[in-house]
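Notes follow the structure.
Per chain, numbering begins at 1; letters A, B, ... match sequence-line order.
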Number of protein chains: 2
Amino acid sequence: MATGQGGATEMNTAMQRALAAAEARCLRAGAQLTELRRQVLALVLEAEQPLGAYALLDRLKAQRPGAAPPTVYRALDFLLEQGLIHKVERLNAFVGCVEAEHDHGHHQHPPQFLICRTCGATVELSDHAVAHALADAARRVGFQVANATVEVEGLCARCTEAAPAG
Amino acid sequence: MATGQGGATEMNTAMQRALAAAEARCLRAGAQLTELRRQVLALVLEAEQPLGAYALLDRLKAQRPGAAPPTVYRALDFLLEQGLIHKVERLNAFVGCVEAEHDHGHHQHPPQFLICRTCGATVELSDHAVAHALADAARRVGFQVANATVEVEGLCARCTEAAPAG
DNA sequence: ACTGCTGCCGTTACTATATAACCTCAGACA
DNA sequence: TGTCTGAGGTTATATAGTAACGGCAGCAGT
């Protein structure tokens, strides 16, 4: 078990890179990526699907038996503020932010999510045509956009191929 | 108290028209708009803001003392299926569908919502440029869209004007 | 060293949102 | 008559999220 390739306990290189990037980002922002916050971030990042707060809590308890709901929610709030994770509203669940690694700061646009009904995988897009169209539509009715949730549910490419009929 | 103008118990003309349209639509769909469902729909329509399930439940109890969570949720599920209402995911709340009155069936595109942080008012858009951009972005990665949530939070025109600074 | 402050987190209790499971009843119909 | 179906009543429970208080480490000012 010395060379697991991306599982829960073994930390692969991609994960290490992501955590290092998060660390750097917090440093620049004057925020503390504490042990707890790092653990929760790692749990979010290592999951292949968005995880709910209580699913995270269960996993966290392996490392931190006393953990309770506020433990997780406080860490999640911090990670959201730092832009290290996103919340998927339709699922009440959390995913790592793919942009977080790109050192150059926050999203230019609010992200969009594609959620597969079949496999549950969730992909983050950052399509500026979508963001632009949305900003335009809002501006046309005099609405000032502070932030946006765009979540699409459907079938991902893999599951479409695997599906019975065309 | 005989000529209230749109309040909770008095039913104004717009509401009557909306309910009649809902009735017609259910008829065509072979679905039953029962008394309960009609009551819940009326509660959603008469509210000026999106209402949560439990807020609806409280109001419903005035007419139906025995009402419990499943009472409301079942009615809401039905109304969602018929396209008579929408759920605003960010608020865990429900609003009437503005298209429902236009007899010609369902939305062509998934709706978009503009949610004002200050006054809570929520406006439904049906901007096809947004829908189109989103469909394009999804298609580009081989994703089949089944349905989409687009919710923008910010300041509505009225609250922008009323706000302290520009 | 003492004081007071701040930020992080533990802990308990609670609120809010949503669903499961089981039951009854009315209406359709063989 | 039996039985099937859909609507909804009823009880209990699951899931999601928050309030409020307390302890403690780290640090600034005196």
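- Regarding contacts with the backbone of C:dA18, a side-chain N or O of B:Lys87 is found under 4.0 angstrom from either OP1 or OP2.
- Looking at heavy atoms from C-beta onward, B:Asn147 lies in side-chain contact with A:Arg90 at the 4.5 angstrom threshold.
- Using a 4.5 Å heavy-atom cutoff, the side chains of A:Val40 and A:Arg37 are not in contact.
- For the contact set between residues 48-55 of chain B and DNA chain C, defined by any heavy atom under 4.0 Å, the members are B:Tyr54.
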*With side-chain contact (heavy atoms from CB on, under 4.5 Å) as the test, would you mind laying out the steps for B:Ile85 and B:Leu41 before giving the verdict?*
CA-CA 8 Å; B:Ile85 64 173; B:Leu41 177 56; 3.9 Å; yes
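- For the pair A:Leu79 CG and C:dC8 P, the computed distance is 12 Å after rounding to whole Å.
- In this entry the distance linking CG of A:Leu56 with P of D:dA16 reads 11 Å, nearest Å.
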*How would nucleotides 7-12 of chain D be written as a contact map, 5' to 3', with B for base contact, S for sugar-phosphate-only contact and - for no contact, using protein heavy atoms under 4.0 Å?*
SBBBB-
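- A:Glu89 has its CD atom 12 Å from the P atom of C:dA18, to the nearest Å.
- At the phosphate of D:dG17, OP1 or OP2 sits under 4.0 Å from a side-chain N or O atom of A:Asn92.
- Relative orientation of the A:His86 and A:Phe113 rings is perpendicular, given thresholds of 30° and 60° on the angle between their planes.
- At most 12 heavy atoms of other shown residues, nucleotides or ligands fall within 6.0 angstrom of atom CZ in B:Arg59.
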Could you pull out every donor-acceptor pair under 3.5 Å between side chains of residues 68-76 of chain A and any protein atom, sequence neighbours left out?
unit_1: A:Thr71; atom_1: OG1; unit_2: A:Ala68; atom_2: N; d: 2.9
unit_1: A:Thr71; atom_1: OG1; unit_2: A:Ala68; atom_2: O; d: 3.0

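- The distance between atom CG of A:Leu57 and atom P of D:dG17, rounded to the nearest whole Å, is 12 Å.
- One atom, CZ of B:Arg90, and another, P of C:dT17, lie 16 Å apart when rounded to the nearest Å.
- With rounding to whole Å, A:Phe94 atom CZ is found 16 Å from D:dT15 atom P.
- The shortest distance between the side-chain N/O atoms of B:Tyr73 and the OP1/OP2 oxygens of C:dT19 is not below 4.0 Å.
- Around atom CD of A:Glu48, no more than 12 heavy atoms belonging to other residues, nucleotides or ligands sit under 6.0 Å away.
- Between the CG atom of A:Asp77 and the P atom of D:dA16 there is a distance of 16 Å, rounded to whole Å.
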